[in-house]
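Report on the structure given below.
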Number of protein chains: 2
Amino acid sequence: MSREDIFITLLRSIATDRAARGLIDDAAVLPHPGGDIVLTHDMMVEDVHYLPDDPPADVAWKLVAGNLSDLAAKGATPLGLLLGYAMTADAAWDVAFAAGIGAAAGAYGVPLLGGDTVRMPDNAPRALGLTALGTAPASGAPSRAGAQAGDHLWVSGTIGDAGMGLAILRGTARGDDALVARYRRPDPRLHLGQALAPLVTAMADVSDGLLIDARRIARASGQGLAIDLGLVPLSDSLRAACGDGVEPRMAAATAGDDYELLFTAPSGADDAILSAASRADVRVTRIGTVTTGGNLALTWRGDALDLPARLGWLHDD
Amino acid sequence: MSREDIFITLLRSIATDRAARGLIDDAAVLPHPGGDIVLTHDMMVEDVHYLPDDPPADVAWKLVAGNLSDLAAKGATPLGLLLGYAMTADAAWDVAFAAGIGAAAGAYGVPLLGGDTVRMPDNAPRALGLTALGTAPASGAPSRAGAQAGDHLWVSGTIGDAGMGLAILRGTARGDDALVARYRRPDPRLHLGQALAPLVTAMADVSDGLLIDARRIARASGQGLAIDLGLVPLSDSLRAACGDGVEPRMAAATAGDDYELLFTAPSGADDAILSAASRADVRVTRIGTVTTGGNLALTWRGDALDLPARLGWLHDD
């Protein structure tokens with residue numbers, strides 16, 4: 001086990017309350033009279049989760065969007081945000097970041113409720129924290145653990161754009177601005193999550209990579225997943241940048257930062273899923289099936305594919 | 001204005017939702033059917049909020065206790081915690097810290113619900129974040145803004161112990177272990193806050209210093225406060241360490257980290273206040289009066305005292 005795994009295993013031994021969902025879910029779901037509360041907290045560290053020269057308003061946007069994406073995966077309606085901000089020596093960055101928090105919170109109609117501002121020692125990297133809370137849908141907040149064999153596996157939007165956007169910013173690839181925008185300004189699928197929540201058996205957001213997040217659903221549900229890599233939805237911009245063969249598709253499915261919704265639903269719900277997605281004005285694509293095997297199985301044009309050594313942005317074994 | 005003030009002023013312009021309470025309160029209070037939700041988020045940074053050689057379990061305790069103290073000031077009943085943890089290169093520290101979070105959460109019966117664990121670049125200082133949420137009392141969550149001229153000003157427990165504990169750890173003072181324990185393992189006044197909430201007109205916790213937190217109540221309420229420094233409650237340990245003159249009392253009243261409750265209540269509520277404190281098994285002491293003046297006025301043995309240049313641990317003008 002990695003050091004992170006040891007630490008998280010220890011935290012799991014502490015977080016035994018049912019609302020913590022074993023720390024395997026995107027968010028905690030706390031029973032509350034008048035409506036369950038959905039809670040999530042994300043951190044971003046300079047040079048780890050964003051590039052030091054990323055515009056501060058984009059870093060702020062991404063912090064807000066990443067948290068709201070966790071709420072979207074629960075079908076939750078956001079109630080508010082709490083910001084933990086560690087100031088450094090760059091006052092202009094602070095101001096642009098705060099304005100960016102305001103812009104992102106305003107774009108999604110979510111109030112900033114409070115938080116804490118502290119001062120980091122000089123030359124320390126920035127560490128940013130954001131808590132988001134929301135109300136669970138009346139039908140209950142979906143978890144990662146409810147997928148049933150025979151269910152269909154779906155994903156929203158397109159996959160791999162943000163990963164390519166990061167590669168473009170790092171100078172290792174070329175492509176159009178839409179890809180960079182997907183990396184810097186992800187759009188959490190709040191309306192879609194709310195529309196899907198009553199229909200799905202499991203749901204998660206794709207933050208670390210399609211394949212790794214799919215495996216988390218499979219493991220949490222005690223099921224397997226068969227994914228047809230050829231069905232994974234790619235944008236025109238991504239195809240223009242890197243083509244449409246097995247290699248770019250595998251790169252897209254392991255890149256992360258997509259903030260799309262990955263979900264399972266009974267096969268009989270296909271029409272209802274498509275109708276809900278249409279109401280939310282987001283495309284959804286069926287990419288596979290829940291199996292009894294307990295494994296993640298990939299195919300490409302009917303042939304089995306070996307899983308890559310790295311399923312996503314984070315190692316997770 | 002300091003850089004922090006500029007940043008917080010900017011955040012206030014964003015945090016316009018009523019639940020944010022203008023960011024001048026210890027916590028946000030979010031209306032929710034079935035009971036208002038009280039929310040707070042605190043950060044601690046190594047070398048800023050704690051000493052690098054403080055035992056990790058004590059750092060964890062303090063992070064939990066500081067957040068719960070914010071809930072106590074609202075009379076709230078804690079529901080849970082979300083931890084934002086940035087790992088560094090010291091695995092033993094991580095493990096001891098996680099165990100300390102478990103111990104503190106367990107001591108107050110508050111579940112750890114979730115959070116985020118990230119990796120800091122090597123040699124960066126640790127940045128720790130914790131969100132606590134709770135339910136407001138049925139009588140409503142007190143704010144800092146309700147003090148009325150003529151009200152009595154009270155404080156719980158004893159003041160200055162933690163500040164002296166920090167001086168002992170820094171090697172600049174001598175005193176007994178109880179003082180160090182007050183610095184390292186503060187005890188949030190949850191039961192007292194719950195018992196007082198229906199009786200008070202304003203309440204806050206003393207985290208940055210008695211005088212600075214008193215002035216925040218005065219300013220938020222648009223009133224003044226007259227405080228008799230001679231009435232500020234000192235522990236036997238503190239008096240043994242530094243005597244009981246005006247100088248050690250001024251040091252105690254500006255030291256911070258007390259995590260006691262500072263509150264105002266109508267003069268007719270004195271008996272009810274004492275009875276509530278007795279039920280919570282915490283001593284409370286009347287130290288002053290709310291005035292119409294708009295200023296903080298200090299006296300010592302009947303004579304006016306100039307305010308010190310520094311009212312607390314943080315500059316705040």
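Residue numbers begin at 1 in each chain, while the letters A, B, ... track the order of the sequences.
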Checking A/Val45 against chain B: side chain, backbone, both or neither under 4.5 Å from a heavy atom? side chain
Closest heavy-atom contact between [X] and [Y]?
| X | Y | value |
| --- | --- | --- |
| A/Met43 | B/Ala127 | CE-O, 3.9 Å |
| B/Ala19 | A/Leu113 | CB-CD2, 3.7 Å |
| A/Val48 | B/Pro121 | CG2-CD, 4.1 Å |

Distance-only donor-acceptor pairs under 3.5 Å across chain A and chain B:
residue, atom, partner, partner atom, Å
A/Arg3, NH1, B/Thr88, O, 3.0
A/Arg3, NH2, B/Thr88, O, 2.7
A/Arg3, NH2, B/Asp94, OD2, 2.3
A/Glu4, OE2, B/Arg119, NH1, 3.2
A/His32, NE2, B/Gly35, O, 3.1
A/Gly35, O, B/His32, NE2, 3.1
A/Met43, N, B/Asp116, OD2, 2.7
A/Thr88, O, B/Arg3, NH1, 2.9
A/Thr88, O, B/Arg3, NH2, 2.8
A/Asp94, OD2, B/Arg3, NH2, 2.3
A/Asp116, OD2, B/Met43, N, 2.7
A/Arg119, NH1, B/Glu4, OE2, 3.2
A/Thr131, OG1, B/Thr131, OG1, 2.5

Quick one: which of [options] has the most heavy-atom pairs under 4.5 Å with chain B, could you say?
| options | answer |
| --- | --- |
| A/Ala28, A/Ala124, A/Ala98 | A/Ala98 |
| A/Ala27, A/Gly129, A/Ala20 | A/Ala20 |
| A/Val95, A/Leu39, A/Leu81 | A/Leu39 |

Any side-chain heavy atom of A/Leu83 sitting closer than 4.5 Å to one from B/Leu11?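 Side chain of A/Leu83 against side chain of B/Leu11, heavy atoms only: contact under 4.5 Å found.
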Gap separating the CD1 atom of A/Ile37 from the CG atom of B/Leu79, nearest 0.5 angstrom: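 The distance works out to 8.5 Å.
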From the list B/Gly80, B/Ala103, B/Ala105, B/Gly35, the residue making the most non-hydrogen contacts under 4.5 Å with chain A is B/Gly35
